[in-house]
S.K.: 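Mind looking over this structure? Questions follow.
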Amino acid sequence: MTASSSTADGSLPAHASPAFPPLYSPPNSRPQQLDEYGVSDLQLNGARAKSPNHDTFAAPTSAPYNTATTHALSTSSLPADSSAAADAESRPPPPPSLLSPAVTPPVTPGETTSAHTNLLHPSPSAPSDTTAELPHQHSLRQRRPSKPRPRLLETLPEVNCVVRARIPTTTGQEMFLHLYTNNVDGKEHLAIVFGGNIRSRSLDAERPGETELDRMIRGAYVGTLYPGRTSSRTGEGSSAAVGQRQQQGEYDDDAAQAVREQEVQERQAPLVRIHSECYTGETVWSARCDCGEQLDEAARLMSLPSAASSGGVIVYLRQEGRGIGLSEKLKAYNLQDLGSDTYEANLLLRHPADARSYGLATAMLLDLGLGGDQGIRLLTNNPDKVSAVEGPNREVVVKERVPMVPLAWRTGGKEGIKSQEVERYLSTKIEKFKHMLNAA
Ligand SMILES: Nc1nc2c(ncn2[C@@H]2O[C@H](COP(=O)(O)OP(=O)(O)OP(=O)(O)O)[C@@H](O)[C@H]2O)c(=O)[nH]1
């Protein structure tokens, strides 16, 4: 890609990165699956699995955050839990739609949401003091948090980049929007790619019977489109061009691999953000969360001149409302206005506190050539994301975690989101979801 210049300091105006309207708001099928199988059924079954909140990704507890701070990562294993494994084996296997991602993150960092307990409508015999609190709040206080563990699966989902297009942005920075289909859900997940070195293997692959025009229309071209262009296959020496020429028999596998390896060695690990859809925070200016700000910040960092050679990718997963969908998230908002925090509100709606998974992100990163030893630098505060995105066999290596510090914290409140809601949202993320953020 030929990227046009970004602003000198790489700054982007609020929501300069494209906000994505909810092209597809998922039908709320996941809760039924969870009702059937229960969140606690998700057990660890692999030796390489890491406990996100164990020491591996422990947050620095004393030093205040600093955007320049990065944290080297190491790996550790959890001991196998044979009784849990035996228990899990006696149950029917969860459906692939739920578990095919490599790691289902610890969906409920507290106790499992019972499939059979309706917290909003407790049994008439259960004691409750409705004058003091909502009926469900007593139940929540009785819960003893226990650490759920991610499930490690053998295989990653299959993904296919069906189209990409150049998006000039309001800052002058260009990026390429890649649209993916997959074999585990009906959603169109996206990869927002910055820089010219990152190519999708599935997009570049030859489709039977297609013409050069077909290839250009679906974005499988090298270089730049211009009126009258007739071939998708210009450009020399890049791994994409090599990929195309390899398919034409001009390179053997070893030579192509050598070109790719040389390119990889010359680049530092690209920045990656795994971002979950948030219509409210990204499109309708909600100050309940910092999602829109995080999307903008990720795009800003990937647009910096220093990131130009390595490039960057925002994997935009359609996991609205931490996987519960927009409709349920709006109910959660109302419960929050009634006094619950974001964690409790999900449980009260009989969802896991966090229903997301990241196997699709791993598969998309692999398709974009970001697997292997080169590694990625992952922008997140979420310890579960760090471990989950690496995949069952560490197909993607997170070399570095780059914290996402709220703008208001970094600027002493001069910029960024200011609201009681966002403060509560952030403190719940730290206290209950164990995000690696320390208030300075
Ligand atoms: N259920 C629910 N989801 C929310 C709420 N506010 C934001 N979200 C969703 O939360 C997701 C973003 O997750 P966060 O927990 O903020 O952050 P994260 O992605 O886990 O971690 P970082 O990588 O550090 O940003 C998006 O899918 C939002 O739609 C809320 O009040 N309730």
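As the structure lists them, so they are numbered: ligands from 1, and atoms in each ligand from 1.
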S.K.: For Q294 and R273, does a side-chain donor sit closer than 3.5 Å to a side-chain acceptor?
M.R.: yes

S.K.: Is it the case that the side chain of S200 and the backbone of D367 share a donor-acceptor pair, with hydrogens and angles ignored and the cut-off at 3.5 Å?
M.R.: no

S.K.: Could you list the residues that satisfy side chain to side chain contact (heavy atoms under 4.5 Å, CB included) with S306, not counting sequence neighbours?
M.R.: L304

S.K.: Who passes side chain to side chain donor-acceptor pair (under 3.5 Å) against R377, sequence neighbours left out?
M.R.: none

S.K.: Extract all N/O-N/O pairs under 3.5 Å that connect ligand 1 to the protein, and present each with both atom names and the distance rounded to 0.1 Å.
M.R.:
from	atom 1	to	atom 2	distance (Å)
ligand 1	1 (N)	G321	O	3.2
ligand 1	1 (N)	N346	OD1	2.9
ligand 1	13 (O)	R356	NH1	3.2
ligand 1	15 (O)	R322	NE	3.0
ligand 1	15 (O)	R322	NH2	3.0
ligand 1	16 (O)	Y425	OH	2.2
ligand 1	16 (O)	K429	NZ	2.7
ligand 1	17 (O)	K429	NZ	3.2
ligand 1	19 (O)	R356	NH1	3.0
ligand 1	19 (O)	K385	NZ	2.6
ligand 1	20 (O)	R356	NH1	3.4
ligand 1	20 (O)	R356	NH2	2.6
ligand 1	20 (O)	N382	ND2	2.8
ligand 1	23 (O)	R273	NH1	2.8
ligand 1	23 (O)	T380	OG1	2.5
ligand 1	23 (O)	K385	NZ	2.6
ligand 1	24 (O)	T380	OG1	3.4
ligand 1	24 (O)	N381	N	2.8
ligand 1	25 (O)	R273	NH1	3.4
ligand 1	25 (O)	R273	NH2	2.9
ligand 1	25 (O)	Q294	OE1	3.0
ligand 1	25 (O)	Q294	NE2	2.9
ligand 1	27 (O)	E277	O	2.9
ligand 1	27 (O)	Q319	O	3.0
ligand 1	27 (O)	G321	N	3.4
ligand 1	27 (O)	R322	N	3.1
ligand 1	29 (O)	E277	O	2.8
ligand 1	29 (O)	E320	OE2	3.2
ligand 1	29 (O)	G321	N	3.0
ligand 1	29 (O)	K329	NZ	3.1
ligand 1	31 (O)	Q336	NE2	2.8

S.K.: Strictly below 4.0 Å, N to O, side chains only: are R424 and E421 in salt-bridge contact?
M.R.: no

S.K.: Listed by chain and number, what are the ring-ring contact (aromatic ring centres under 6.0 Å, His included) partners of H275, not counting sequence neighbours?
M.R.: Y316

